[in-house]
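I have placed the structure first, in the form of structure tokens, so that the comments after it can refer back to it.
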There are 2 protein chains.
Amino acid sequence: MLRLSKLTDYAVVVLVRLDAGLELQTSPGIAAAIGVPEPTVAKVLKSLSAGGLVTSLRGARGGYRLARALEDIPVGEVIAAMDGPIALAACVDGSATECESLALCPVRGRWDPVNDAIQRALSAISLADMREAAIPAVFRVPHTAELGRSDASRQ
Amino acid sequence: MLRLSKLTDYAVVVLVRLDAGLELQTSPGIAAAIGVPEPTVAKVLKSLSAGGLVTSLRGARGGYRLARALEDIPVGEVIAAMDGPIALAACVDGSATECESLALCPVRGRWDPVNDAIQRALSAISLADMREAAIPAVFRVPHTAELGRSDASRQ
DNA sequence: ACATAACCGGACCGTCGCAGTCCTGATTAG
DNA sequence: CTAATCAGGACTGCGACGGTCCGGTTATGT
Ligand code: FES
Ligand code: FES
């Protein structure tokens, strides 16, 4: 599937929201704005902060701010901040993992070109490109009301 | 991490192995050649067959054969055959999943360009490109001897 | 015709990473 | 000093993935 984690998905939404004109936004505020549970948004913000994509101000009246403009944030960097470095195979080059049995590993560095191609593709697209896509009428989400417990259908 | 499944990794090895000059190779034979358990190799072969990347001949003296030359098999097709269609987000366009609550989904189709870029990158690289990478001295792997229980170090 | 070899299509289960929540500090405004 | 906010973990439930196995089918060869 080559799916990326859902947290990364939220990260993009959060970052786009951070570019909404305001200078400083709090975690609960963002959560209310995009309709995602606050703890989850907080987690995303932390990872983003650790990745250097947003800057944080602690203490009362603190909050988060974009570290760079959306145009300067490639989507690959967001993925790296959330899901760790991009590595298709177990061992590409950032061989932080194991693989002592190199001799009998038939895929020794074989995925490197593929990995590199993807990384290049992800670096060519910025968050600004994704922002253009669309931002539907989501910003008027009720932040206090219970969103209806949308357990809708169990599949 | 954007990691692909280990089965896909094996698939590439198997496919490269299938291009080893022989006309027809059996599942146990391939397993012995690349040093991977037979049931796992069989599973990979089945997925590959279902994906139309290899053709199979049943019955005694049956086996597998490449459906197309390695040059004509983009790596993206292998990934699609093993891990299903490439879809970064939950909903790209093959919205086989759910997402009835479109109204409050802030990522509505936002990942499409990224997804497309990756797909293009994966289509540009063929298995022949990966075969060039290297095939170390793996083909002489002992298929009967126990490989030594390499539990080595627990890190 | 029979036995054999190989593929086919599942079911099955253990493991592991992910999604989501929560709690205890550290920091700063007022 | 108190309140608000971020920081950094620990914790748990769940679902996908990795790997194995089994009965069934097809074809070869004697
Ligand atoms: S998995 Fe690391 S070298 Fe093979
Ligand atoms: S997850 Fe499918 S539309 Fe949002």
Side-chain angles (χ1 to χ4, degrees), chain A residues 1-11 13-14 18 24-32 35-65 67 79 82-84 87-90 97-98 147 149-151 154-155, chain B residues 1-11 13-14 18 22-32 35-65 67 79 82-85 87-90 97-98 155:
Chain A
M1 302 185 211
L2 208 54
R3 284 187 50 183
L4 47 80
S5 66
K6 198 181 294 188
L7 275 294
T8 307
D9 202 340
Y10 290 155
V13 182
V14 167
L18 272 176
L24 210 55
Q25 302 188 50
T26 70
S27 165
I30 298 174
V36 171
E38 304 177 24
T40 301
V41 170
K43 190 177 195 175
V44 169
L45 259 337
K46 286 174 205 170
S47 299
L48 251 26
S49 177
L53 293 177
V54 302
T55 57
S56 61
L57 288 186
R58 301 175 60 153
R61 296 233 37 193
Y64 291 96
R65 193 185 322 179
I79 296 176
M82 299 300 300
D83 288 356
L88 286 178
T97 33
E98 44 351 300
L147 294 167
R149 320 262 295 121
S150 63
D151 53 337
R154 184 58 182 145
Q155 172 63 2
Chain B
M1 295 188 216
L2 207 56
R3 286 187 50 181
L4 48 80
S5 68
K6 199 181 294 186
L7 274 295
T8 306
D9 202 341
Y10 291 154
V13 182
V14 168
L18 272 177
L22 295 157
E23 251 305 313
L24 210 54
Q25 301 187 51
T26 70
S27 165
I30 298 173
V36 170
E38 303 177 26
T40 301
V41 171
K43 190 176 195 174
V44 169
L45 258 337
K46 287 176 209 170
S47 300
L48 252 27
S49 177
L53 293 177
V54 302
T55 58
S56 61
L57 288 186
R58 301 177 62 152
R61 296 234 37 194
Y64 290 96
R65 193 186 320 179
I79 296 177
M82 300 299 301
D83 288 355
L88 286 177
T97 33
E98 39 355 298
Q155 178 61 9

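Every chain is numbered from 1 and lettered A, B, ... according to where its sequence line falls, protein lines coming before strand lines.
Side-chain contact between B:Ile30 and B:Leu45 is present, with heavy atoms from C-beta onward closer than 4.5 Å. Taking 4.5 Å as the limit, some side-chain heavy atom of A:Met82 sits within range of a side-chain heavy atom of A:Leu48.
Which of C:dC7, D:dT20, D:dC6 sits closest to the side chain of B:Pro39 comes down to D:dT20.
As rounded to whole Å, 11 Å separates atom P of C:dA29 from atom CG of A:Leu24. Atom-to-atom, CG of A:Leu57 to P of D:dT5 comes out at 13 Å; the value is rounded to the nearest Å. Atom-to-atom, CZ of B:Arg65 to C1' of C:dC7 comes out at 14 Å; the value is rounded to the nearest Å. What separates CG of B:Asp9 from C1' of D:dG18 is a distance of 13 Å, to the nearest Å. Residue A:Gln25 contributes atom CD, which lies 15 Å from atom C1' of D:dT5 at whole-angstrom precision. Atom CD1 of B:Ile30 and atom C1' of C:dA6 are 12 Å apart (whole Å). Between A:Glu38 atom CD and D:dT5 atom C1' there is a gap of 12 Å when expressed in whole angstrom units. Across the protein-nucleic acid pair, B:Lys46 atom NZ and D:dT20 atom C1' stand 10 Å apart, rounded to whole Å.
Taking both residues in full, the closest heavy atoms of A:Tyr64 and A:Leu18 are given as O-CD2, 3.8 Å, listed atom of the first, atom of the second, then distance. Of all heavy-atom pairs spanning A:Val41 and A:Ser27, the tightest one is CG1-O, 3.9 Å.
In this structure, A:Thr40 has no side-chain hydrogen bond (donor to acceptor under 3.5 Å, both in side chains) partners at least two apart in sequence or on a different chain.
Between A:Tyr10 and the phosphate of C:dC18, there is no side-chain N or O to OP1/OP2 separation shorter than 4.0 Å. Side-chain N/O atoms of B:Thr40 include one lying less than 4.0 angstrom from OP1 or OP2 on D:dT20. Of the side-chain N and O atoms in A:Ser56, one or more sit less than 4.0 angstrom from OP1 or OP2 of D:dA7. Between B:Thr26 and C:dA5 there is no side-chain polar atom (N or O) within less than 4.0 angstrom of OP1 or OP2.
In this structure, A:Arg61 and A:Lys43 both approach DNA chain D, and ranking their closest nucleotides by distance from the 5' end singles out A:Arg61. Place A:Thr8 and B:Gly59 on DNA chain C by their nearest nucleotides, and B:Gly59 ends up nearer the 5' end.
Backbone-only engagement by B:Lys6 is indicated by non-hydrogen atom pairs under 4.0 Å involving sugar-phosphate atoms exclusively. At a threshold of 4.0 angstrom between heavy atoms, the contacts of A:Leu7 are confined to the sugar-phosphate backbone, with no base atom among them.
Evaluation of atom-type donor-acceptor distances gives no pair under 3.5 Å for the side chain of A:Arg58 against the base of C:dT28.
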